[in-house]
Number of protein chains: 2
Amino acid sequence: MSDDDSRLIDMPGHLIRRLQQIASALFLDQAKSFDFTPVQYAALVAIKNHAGLDQTTLCNVIALDRSTIGDVVGRLEKRGLISRTNGTTDRRTKALRVTAAGRRMIRDIEPAVMATQRLILAPLKANERVTFMQMLKHLVHLNNEHSRAPLRLHALQPNAGVRGRASTAQVVRPRRREATRR
Amino acid sequence: MSDDDSRLIDMPGHLIRRLQQIASALFLDQAKSFDFTPVQYAALVAIKNHAGLDQTTLCNVIALDRSTIGDVVGRLEKRGLISRTNGTTDRRTKALRVTAAGRRMIRDIEPAVMATQRLILAPLKANERVTFMQMLKHLVHLNNEHSRAPLRLHALQPNAGVRGRASTAQVVRPRRREATRR
DNA sequence: GTCAATTCATCAGCATACTGACGATATCGT
DNA sequence: ACGATATCGTCAGTATGCTGATGAATTGAC
């Protein structure tokens, strides 16, 4: 391996891409018998935690782009894991709720999800794992706004929608990257 | 934010996915005027470092799946950044080489790439950055085989193909995940 | 040397992701 | 009340990424 190669291969961005590929492959492998993806799992759990939330709020919770969530929840609905009903107070929205089958899926897949998280960090020693997770959280938190799909938990009220009210006032969308011409 | 939310949001896999989104967004933003992606950059630099290599070897160098590389090099070729000629010793392969325009692209985009790497790690303190990069390399290296596109540098000879020979004996492909039924 | 096994590039199919746009609806200022 | 503005879900277009398959070509066992 030449120096030229190391310069590319050891770039933070390059290593992060590879780690994401690895984490994703481990999840798919562990959860093979469920035919389920990391994003679908995140969406399902978030919907369970906040019954009745709308799609945009769901995006804010799991840091996913709005234009991607439609397909994801569509697949969950097709498999009968969630229900999608029109919002009552805001007729633009869809209120998402986990079905009994969805709750079962969350329960059954849990061991595979936990095993995945262990496997990802397995190469590190116990104390290193703590350090790594701290820095990872720090990096993601401080860089949050650089993503198109930043985490926005303040858009959430505890148990949003459980008593009817689905979504809520939207947070201000701060400076977006200016338009790119492609 | 409830405990249920933190359990999901602080999972290693979830944080890694978000960090990858952030790193990618930072790259696209910094390299906006070049209309270039991280993967295209990795491919272009690897081709420059190993003139004449074939597509499968390129996959091994930048840890990309073989079924994806065709589109990537196709785009590079369409923009005149690389040339793709049929292999001489092995007529199944395509020998890849960077053109003058490709070399110019690498030179011109370099500041944006470097800025991206700085921005990704910016939230950490200088000594933390070193620790994080060490652990990141360790995680990727030790988990390498779990990816469908593991890094395989031993498939490379110094300056492969420069004197005619394009690719080389293929390494053994160790245990693959058994077939999944979807 | 011949044939079985392997490898290369590619393909169809699916899933995640981002950009920029759209019609339908809400909200806000006045 | 009403018009400007913003937001919701969706869509078309593009790019990355994986699974499993294919035809063409090579390699290896014998």
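Letters A, B, ... mirror the listed sequences (proteins, then strands); counts begin at 1. Keep in mind the model is a prediction, meaning the values are calculated, not measured.
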List the atom pairs, with distances to 0.1 Å, where a side-chain N or O of residues 103-118 of chain A and a protein N or O form a donor-acceptor pair under 3.5 Å, not counting sequence neighbours.
residue	atom	partner	partner atom	Å
A/Arg103	NH2	A/Val98	O	3.2
A/Thr116	OG1	A/Ala112	O	2.8
A/Gln117	OE1	B/Gly13	N	2.9
A/Gln117	NE2	A/Val113	O	3.3

Practice problem: Would you give the length of the straight line joining atom CD1 of B/Ile120 to atom CG of A/Leu15, rounded to the nearest 0.5 angstrom? | Solution: 10.0 Å
Practice problem: Check whether any side-chain N or O of B/Arg129 sits under 3.5 Å from a backbone N or O of B/Leu124 as a donor-acceptor pair, and report yes or no. | Solution: yes
Quiz item: Hey, is the side chain of B/Arg91 poking within less than 4.0 Å of OP1 or OP2 on D/dT26, counting only N and O atoms?
Solution: yes
Quiz prompt | Closest to side chain of B/Thr56, choosing from D/dT7, D/dG17, C/dC8 | solution = C/dC8
Exercise. Let me know the distance between CZ of B/Phe36 and C1' of C/dC18, rounded to the nearest Å.
Key: 18 Å
Exercise. Just compare C/dA15, D/dC8, C/dT19 and give me whichever is closest to any side-chain atom of A/Asp54.
Key: D/dC8
Any protein N or O atoms within reach of nucleotides 10-13 of chain D? Criterion: under 3.5 Å, listing atom names and distances.
residue	atom	partner	partner atom	Å
D/dT10	OP1	A/Lys94	NZ	3.2
D/dT10	OP2	A/Gln55	OE1	3.3
D/dT10	OP2	A/Gln55	NE2	3.2
D/dT10	OP2	A/Arg84	NH1	3.4

Quiz item: In terms of ring plane angle, is the pair B/Phe132 and A/Phe132 parallel, tilted or perpendicular, where the classes change at 30° and 60°?
Solution: parallel
Quiz item: CG of A/Leu28 versus C1' of C/dC14: gap in Å, rounded?
Solution: 12 Å
Quiz item: Whole-Å distance between C/dA15 P and A/Leu76 CG?
Solution: 11 Å
Exercise. Give, for atom CZ of A/Arg17 and atom CD1 of B/Ile62, the distance between the pair rounded to the nearest 0.5 Å.
Key: 6.0 Å
Quiz prompt | Distance test, side-chain N/O of B/Arg92 to OP1/OP2 of C/dT10, below 4.0 Å | solution = no
Practice problem: To the nearest Å, give me how far apart CG (A/Asn86) and P (C/dA24) are. | Solution: 15 Å
Practice problem: Can you tell me the distance, in whole Å, between the CG atom of A/Leu53 and the P atom of D/dG9? | Solution: 9 Å
Practice problem: Using atom types as modelled and distance alone, determine if a side-chain donor or acceptor of B/Arg66 lies under 3.5 Å from a backbone N or O of B/Thr56. | Solution: no
Quiz item: In whole angstroms, how far is the C1' atom of C/dC18 from the CG atom of A/Asp71?
Solution: 13 Å
Quiz prompt | Whichever of A/Asp90 and B/Gln40 has its nearest DNA chain D nucleotide further upstream toward 5' | solution = A/Asp90
Quiz prompt | Closest contact, heavy atoms only, A/Gln21 versus B/Ala63 | solution = OE1-O, 3.3 Å
Quiz prompt | Length of the line joining A/Asp35:CG and D/dT19:C1', which is rounded to integer Å | solution = 11 Å
Quiz item: What is the distance, rounded to the nearest whole Å, between atom CZ of A/Arg18 and atom C1' of D/dG17?
Solution: 15 Å
